[in-house]
Amino acid sequence: MEIKILQFLLFLCMKLLVSGVGAAEFRCIERERQALLKIAESLTGDLSELTMGSEEDKENCCKWHGVGCGGTAHVTFLDLSGMHLRGKMSPALQELQHLNHLDLGDNYLTMDNLDWLSNVSSLSYLHLSGINLRTVTNWVRPISKLSSLEELYLSDITRFSSLQELYLSNNQLDGVQPQTLDQPSSLKILDLSYNQISGSLSDLRGFSSLKRLDLSGNQLKKLPKAIEKLFNLNFLNLSSTSLEGTITEHHLSNFTHLSELDLSFNNVSFNLSFDWIPPFQLKSVHFSHCNMGPHFPNWIRTQNSLTDLSLSFAGISDTLPNWLWNMSSIDYIDLSHNNISGGMPDLALKSFAFYDSVDLSYNNLSGSIFTLCPKVSIQNLILSHNQLEGELPDCWMNLQEELIVLNLAYNKFSGKLPPTLSTLEHLAILHLGNNNFTGELPSLKNFRELRKLDVGRNKLTGTIPAWIGHLKKLAVLSLRFNSFHGSIPPTICYLTNIYVLDLSRNNISGKIPQCLNNLTSLVRNCGSTMSEYYSFIDKVPSDEDDNAVVQWKGQDAEYKRLRNLKGIDLSSNKLVGTIPHAFSDLRALVFINLSRNHLVGNIISSIGQLDTLEWLDLSRNQLSGEIPNGLANLHFLSVLDLSYNNLTGKIPLSTQLQSFNSSAYAGNNQLCGDPLAECPHDPSVTDRGKVNVVEEDDGFMNRDFYICMAFGFITGFYVRDNNNLRDKIQEEIYILKVPLFGKKLMAGVVHKVLLI
Ligand SMILES: *[C@@H]1O[C@H](CO)[C@@H](O)[C@H](O)[C@H]1NC(C)=O
Ligand SMILES: *[C@@H]1O[C@H](CO)[C@@H](O)[C@H](O)[C@H]1NC(C)=O
Ligand SMILES: *[C@@H]1O[C@H](CO)[C@@H](O)[C@H](O)[C@H]1NC(C)=O
Ligand SMILES: *[C@@H]1O[C@H](CO)[C@@H](O)[C@H](O)[C@H]1NC(C)=O
Ligand SMILES: *[C@@H]1O[C@H](CO)[C@@H](O)[C@H](O)[C@H]1NC(C)=O
Ligand SMILES: *[C@@H]1O[C@H](CO)[C@@H](O)[C@H](O)[C@H]1NC(C)=O
Ligand SMILES: *[C@@H]1O[C@H](CO)[C@@H](O)[C@H](O)[C@H]1NC(C)=O
Ligand SMILES: *[C@@H]1O[C@H](CO)[C@@H](O)[C@H](O)[C@H]1NC(C)=O
Ligand SMILES: *[C@@H]1O[C@H](CO)[C@@H](O)[C@H](O)[C@H]1NC(C)=O
Ligand SMILES: *[C@@H]1O[C@H](CO)[C@@H](O)[C@H](O)[C@H]1NC(C)=O
Ligand SMILES: *[C@@H]1O[C@H](CO)[C@@H](O)[C@H](O)[C@H]1NC(C)=O
Ligand SMILES: *[C@@H]1O[C@H](CO)[C@@H](O)[C@H](O)[C@H]1NC(C)=O
């Protein structure tokens with residue numbers, strides 16, 4: 001609602017800025033009148049129109065044809081389009097300091113340079129198609145200094161006979177309609193991704209030399225006819241373009257040079273005959289979230305240079321063909337989220353067995369994984385959420401060289417973890433959770449790169465090994481739901497990069513280490529930790545890095561956005577002693593769960609310093625004393641459980657603590673006050689109130705902030721010299737990148753336009 005209003009206001013502002021016409025009642029400022037006369041003198045053409053009118057009108061340049069003044073009588077609008085003007089534009093134009101609309105379209109102007117243009121800094125609309133920019137030295141520089149520019153029209157694209165790459169992503173373009181192209185464009189790369197192009201992509205005939213076309217993130221609905229004529233395409237990205245219907249062999253029959261095709265995130269089906277031989281040889285196939293099934297597409301086997309195959313969420317209910325694993329060039333396979341059955345394929349089938357990534361997660365694979373044993377080179381192996389079973393083979397040394405992600409979680413594996421797992425020293429992510437593994441953890445003490453270790457929900461035993469502390473880069477440690485016993489090793493405090501420490505539901509005894517405040521990543525709010533963790537992560541599929549399963553507010557939850565979640569869960573163990581004061585230093589914590597232990601003593605009073613805390617569960621211990629007043633300061637606290645302790649006294653009054661259900665305080669015989677029964681001898685009135693969480697307001701603010709930024713400037717003009725042409729023309733435009741966010745560029749709608 002508020003956003004709508006704001007957008008409307010911005011829209012109004014823009015309207016006012018852009019138009020500025022019709023203010024003829026103002027008297028013209030003499031200096032600006034002189035400037036206009038100088039401009040008129042320097043040009044020939046139908047200029048008579050400019051100063052036509054009565055004597056009085058001649059004095060008042062605000063009334064001249066094509067001139068408009070704003071509220072302060074300054075000239076804000078100058079439209080010289082279609083006047084058949086010849087000659088050089090006079091630098092006197094820069095006297096028009098308030099000009100925001102300048103239209104020089106449909107003229108024959110020459111100029112050596114446009115440097116004066118950068119002095120007309122108030123311009124928001126600029127139409128330059130009347131200038132032959134090929135005669136202008138470095139015209140991009142002055143234009144790129146126009147920080148208020150919102151709309152820019154340039155010459156007919158064909159005049160840039162050497163323009164080869166044009167990047168217009170993230171604008172609000174709603175079409176490309178170059179109606180008349182006198183000569184074919186030499187454009188090779190056209191990036192129109194994330195605009196508002198709908199079915200209206202009508203004619204691309206002049207673009208027959210295009211090699212790369214990116215239309216992703218538009219609303220095409222169906223395959224545009226226009227692209228079927230682009231015979232030379234080798235890259236076509238149509239992902240997230242709301243395509244519907246059925247794609248047939250016919251649709252794809254003209255793309256003989258295609259090597260990369262991205263159709264992902266479209267609700268399309270395919271009707272291709274079993275023995276279809278495509279006219280192209282693809283290197284990369286990205287068809288996730290398309291309906292490819294139910295059978296595994298057989299035509300893939302004809303693609304001899306295939307390197308990337310992405311068919312996740314593709315509705316495939318089939319077994320995997322052997323030939324897939326025999327294709328020599330393939331090194332990236334994502335078949336996750338299908339209904340693929342059968343056994344684990346033999347990754348070593350092809351002669352040089354190298355893979356960047358094999359993701360078969362969320363399928364219905366069964367049986368053991370002993371086929372992994374022959375030597376293969378693989379970086380990411382993701383087999384989670386299948387029906388795989390049996391013991392793990394003890395041959396991991398064969399994968400040791402490259403493996404950085406191993407995810408076997410959510411299967412039915414059992415037995416002991418084999419000793420050769422210890423050889424996978426380059427692992428960054430080891431996820432073995434939700435299986436039936438027994439025995440002790442093999443030594444991982446040399447895993448210096450390990451970021452995430454999750455062995456939760458198994459039947460592992462033994463003590464928590466002291467070497468855990470040597471995994472310096474560990475960010476997530478989950479040993480939850482096992483049968484680990486013994487005490488927490490003090491080396492745990494060496495984990496200065498940790499942000500989720502989950503040892504819950506084990507048989508861990510002893511005291512909570514006092515040194516927890518050495519966990520510096522939990523002390524700071526925005527440490528270098530995160531950036532370090534996430535900068536590394538580009539090697540790892542994004543699904544694998546930023547999540548963990550934790551008990552969140554009482555339920556198992558897979559957390560997708562870990563960077564916002566820092567916490568310690570030691571619940572359901574046999575911990576004794578007091579809550580260490582060190583907790584009060586861990587100011588980045590979002591959750592603390594120490595419930596169901598044997599903790600005694602007071603709730604540390606400094607807990608009120610943990611101002612990002614959202615969830616605090618200390619229930620079912622033997623904590624005594626009063627609830628510290630500081631707890632009332634935790635404004636983000638949304639789940640609190642202090643039940644079944646030996647707490648006494650009155651629950652502090654605050655808007656916060658009274659908003660919880662009485663069950664949060666139950667089982668503390670000597671606790672009283674709202675929301676429990678009134679305390680004896682205490683007639684004080686409660687002042688229950690509402691809790692206002694301001695998170696959403698922040699979101700709103702940020703959004704506006706970015707909208708404002710976006711209206712503010714034009715960024716990223718990018719010019720590369722083409723040495724071959726240099727001797728002829730000093731600086732020829734070669735690549736034009738206009739990555740604008742949310743900016744209104746009246747681009748490419750008109751026929752005399754360089755698509756900007
Ligand atoms: C722009 O204006 C500044 C200051 O008025 C002046 O020094 C400079 O020469 C002008 N630039 C051009 C290219 O005319
Ligand atoms: C393929 O190109 C031929 C020749 O230009 C044309 O007649 C045919 O319609 C094109 N096919 C598709 C599917 O557009
Ligand atoms: C296609 O475009 C989408 C969205 O812009 C991008 O994420 C994807 O990587 C592109 N595909 C290829 C093959 O470049
Ligand atoms: C996908 O298209 C089919 C018809 O082809 C339609 O029944 C289905 O609802 C669509 N799904 C989505 C998510 O739009
Ligand atoms: C697929 O195409 C064939 C002819 O090419 C047609 O006979 C068949 O009905 C189509 N199937 C579907 C599901 O559209
Ligand atoms: C998955 O495939 C099996 C056959 O292997 C089939 O019986 C089952 O219905 C499929 N399930 C879904 C959800 O498509
Ligand atoms: C794999 O390819 C090789 C060479 O092309 C061939 O000899 C072998 O039979 C193939 N194996 C399978 C299982 O397709
Ligand atoms: C998994 O595959 C088995 C056959 O191997 C089939 O009976 C079962 O329905 C499949 N499960 C799902 C969820 O499709
Ligand atoms: C673990 O094994 C038990 C029986 O031994 C079985 O009931 C349970 O489903 C198994 N759990 C998993 C995740 O395979
Ligand atoms: C915890 O240890 C006790 C013995 O000390 C044992 O009886 C119990 O089964 C263990 N619980 C778990 C979950 O391992
Ligand atoms: C905690 O950090 C301090 C200072 O860095 C260090 O001297 C101390 O040994 C650390 N203690 C533990 C148990 O890690
Ligand atoms: C907690 O209170 C119970 C009775 O309510 C008592 O038996 C127990 O000793 C107390 N424990 C502590 C640690 O004070």
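Order of appearance sets the numbers: ligands from 1, and atoms from 1 within every ligand. Side chains included, hydrogens not; waters and symmetry mates left out as well; all remaining heavy atoms used.
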Checklist entry - Is atom 4 (C) of ligand 5 in close reach of the protein, with a heavy atom under 4.0 Å away? => result no
Checklist entry - Can you find a protein heavy atom under 4.0 Å from atom 12 (C) of ligand 8? => result yes
When you measure from [atom] to every protein heavy atom, which one gives the shortest distance, and what is it?
{"atom": "atom 8 (C) of ligand 8", "value": "N364 ND2, 3.6 Å"}
{"atom": "atom 9 (O) of ligand 4", "value": "N267 ND2, 4.6 Å"}
{"atom": "atom 10 (C) of ligand 5", "value": "N271 ND2, 2.2 Å"}
{"atom": "atom 14 (O) of ligand 8", "value": "N339 OD1, 3.2 Å"}

Kindly say whether [Y] contributes a backbone atom to a donor-acceptor pair with the side chain of [X] at under 3.5 angstrom?
{"X": "N436", "Y": "G415", "answer": "no"}
{"X": "D454", "Y": "L479", "answer": "no"}
{"X": "T307", "Y": "I330", "answer": "no"}

Checklist entry - Among side-chain atoms of D359 and S357, is any donor-acceptor pair under 3.5 angstrom? => result no
Checklist entry - Are L324 and F296 close enough, and set up right, to give a side-chain contact (heavy atoms from CB on, under 4.5 Å), and what steps lead you there? => result CA-CA 10 Å; L324 180 62; F296 193 85; 3.8 Å; yes
